[in-house]
Amino acid sequence: MLKILIPTFMLFPTIWLVPGKWLWTATTAHSLVVASASLSWFKWCSETGWVAPNLYLALDPLSFPLAVLACWLVPLMIIASQNHVAHEPLTRQRTYISLLVSLQVFLILAFSAMDILTFYVMFEATLIPTLIIITRWGSQTERLSAGTYFMFYTLLGSLPLLVALLYLLNDTGTLSMHTLQYIQMTNPDTLGTMLWWVACLLAFLVKMPLYGVHLWLPKAHVEAPVAGSMVLAAVLLKLGGYGMMRMMVVLGPLTKEMAYPFIILALWGIIMTGSICLRQTDLKSLIAYSSVSHMGLVASGILIQTPWGFTGAIILMVAHGLASSALFCLANTSYERTHSRTMLLTRGLQMILPLMAAWWFLANLANLALPPLPNLMGELMIIVSVFNWSSWTILLTGLGTLITASYSLHLFLTTQRGPTPQHFISMDPSHTREHLLMALHLIPLLLLVLKPELMWGWCF
Amino acid sequence: MSPYVFTLLIFNLGLGTTMTFASSHWLLAWMGLEINTLAIIPLMTRQHHPRAVEATTKYFLTQATAAALILFASTSNAWLTGEWAINQMSHPLATSTIMLALALKLGLAPVHFWMPEVIQGLDLTTGLVLSTWQKLAPFALLLQVSSTVNPLILTLIGLLSTLIGGWGGLNQTQLRKILAYSSIAHLGWMVLIIQFSPPLATLSLLIYIIMTTSAFLTFKLTSSTTMNALATSWTKSPMMTSLATLILLSLAGLPPLTGFMPKWLILQELVKQDLPMLAFFAAMTALLSLYFYLRLCYTVALTSSPNTITMLTPWRLNPTQTSPLNPLTTMLTLALLPLTPAILALVIY
């Protein structure tokens, strides 16, 4: 663990000591080195199933895909925000990169924590950097209310979680993940235990977000700068899914009945948020709602607790992380040129930025889960396992897939095809930086399908 | 004020508190409290501003009432049970009255109303003394009587204080009032836990003193007493104002910062005492406080308010006032959480 954590910590001296003109180059290179080093986590050959275990930190097949994703995202965020903060003073640029890196530190610690309470602290610790990224570096004044929504939705869910975890700690004496699966609930049918069950999952369901407690997410995505949207969609939402999977083993027999309303909400949310996407005019908001829709699928996959559901959930989380982050980057490239997120004003970009249109096409295909991509693998596994649980769900999941395809097509056609408006003629060509950014998102996605066992969790 | 008088007053301020610390007899403890109050009164009116005089009067009246109540309760306890020792209180009438008097002295709900008004009338340094040093003597007494007070009263006062501390601060634009409400809320957490684990309450007080000191000193550095002044203060010291965001979030008790430590330990202790619902409600009231801290954060560093050109340059000048204490307390406010096991070992075991 330390061979990744120490280089990550050393990013801070790099950020603050490197001469100004080398700032972006040096930090990108350094964080790419850390990201490549983190790939060594994939080579897990421990009999216990844990990578590099010690008392406090370790990774297992469930957490290392997400930890690698968190490391991989940092150089991409740095590349993506170059243009956005270029006009700021140098100190603020350094502060901004420091915030992104501090997020990486907290995320690695969250995914590798061996103790649920450590995980909780790190889960909460990501709030402050994200809040500052949204409210300090967002553009509109609405960013402040977005920040408030973000903080209060998340904390309303997670403070009960803290109490519930402390209750469990008091009951069992340890919250180590080594022993977590051996915990038996003593009295599963009382009201207190049911409340405890809800408190254990609510924080993660808010973070995912579940339909019904999702309102903070589109706001935060719309107001955040590109790096904030990227990390929010790619990794922070996955903290919710990861936490749910970790807690599921403790919650035991109670989940069988208690999960019904949440599964229904998650499945219904796929349809509802997908329909919202169909009528959405705001580019970033559309991508945000599509995240809610996909995460609804992940939530239902986790809540029915079959091995296939878990595997599908983690595959979809990783694949959706890369695909939605790519879509936010693309939205940002057109935002930097047109200064508008309204889709009707950013039409016909294919004529001007043809290569970008190719990236849009690929990212959209990834989002709607076209065959060779791991997104399809994840969605199929979840849909199959949910179908196995109750065959009626195919109506919801099938319709959801159809709607996803429709709004992805809508997104692509509206922004890329059609006549090019006259005022776009003097637009900047796309930069190599942006193509590199897209390649670094989509190539891993394409390669992952060749070796999906890297990210299919416990069912290796 | 003549430096001799000032020295004498400061000396007496210390003497009063230490006398209360050292005494086991109610009369001596009461004397310490009175010396302490009488010493701070001239310090509060050091600037003869009408607001300061008004605040001093209010402070004097409440503290005198509280002291009189303490005297009354301890005398009646002695009369009823024949016992003057502080930790040997046994009569419920006396302990409840003492609890009420100490709540008045500390500014706990439902007798907290003087606290925001008084702090608002004082300058930031005196306000700092009032919300840190002046809490120590009554808190020491509270620690000693807490085992004899009715648990229901303690719980009610604690929960009400965290609630009102959060609720009252919501509508404020004055920094000193906000800090006063934050003090009420923090003391509420301590009262909530004092019957179960006095060392934990002491630790919370210590952490609160560190955090509020850095908040007061930072506001003093930028001479801001209102949210408007805070909004333009980033030009004076950009570094400190960006750290002020984190100081405020630490006061709010968000995880990677020091302020989370007392909240975490208190919730853990409450759950250990089989009171998960109480822990839940206490945690929820912390969200109310978080709202106004968050609003201050938005003002101080997360938005840059429109400024005139001449106002943009003060950071180039050397600051006129420096405080060697501020960097220390700020560091402690931001980075003490990883040291929790060591601190726990020092304080509790």
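Order of the sequence lines sets the chain letters (A, B, ...), proteins ahead of strands, with each chain counted from 1.
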If you look at every heavy atom in [X] and [Y], which pair is closest and at what distance?
X	Y	value
A/E124	B/P255	CB-CG, 2.9 Å
B/A301	A/R136	O-CD, 3.3 Å
A/L166	B/Q268	CD1-N, 3.5 Å

Distance (rounded to the nearest 0.5 Å) between [X] [atom1] and [Y] [atom2]:
X	Y	atom1	atom2	result
A/R143	B/L302	CZ	CG	8.0 Å
B/L267	A/Y167	CG	OH	15.0 Å
A/I128	B/T245	CD1	OG1	10.0 Å
B/M277	A/L195	CE	CG	6.0 Å

Under 4.5 Å from any heavy atom of chain B - which part of [X]:
X	value
A/F106	side chain
A/I134	neither
A/L144	both
A/M151	side chain
A/L165	neither

Should we say atom [atom1] of [X] is surrounded by more than 12 heavy atoms from elsewhere, each under 6.0 Å from it?
X	atom1	result
B/W167	CH2	no
A/Y149	OH	no
B/Y291	OH	no

Could you look at [X] and say if it's the side chain, the backbone, both or neither that has a heavy atom under 4.5 Å from chain A?
X	answer
B/L294	side chain
B/F260	side chain
B/L287	both
B/L290	both

For this session: Go through the steps for B/T303 and A/T141 under the test side-chain contact (heavy atoms from CB on, under 4.5 Å), then give the verdict.
Result: CA-CA 9 Å; B/T303 45; A/T141 44; over 6 Å; no
Problem set entry | Contact winner vs chain B - A/L159, A/T135, A/V121, heavy-atom pairs under 4.5 Å | A/T135
For this session: Among A/L131, A/T95, A/V163, single out the residue with the greatest number of heavy-atom pairs under 4.5 Å to chain B.
Result: A/V163
Problem set entry | Main-chain N/O of A/T148 paired with B/Y298 side-chain donor or acceptor, under 3.5 Å | yes
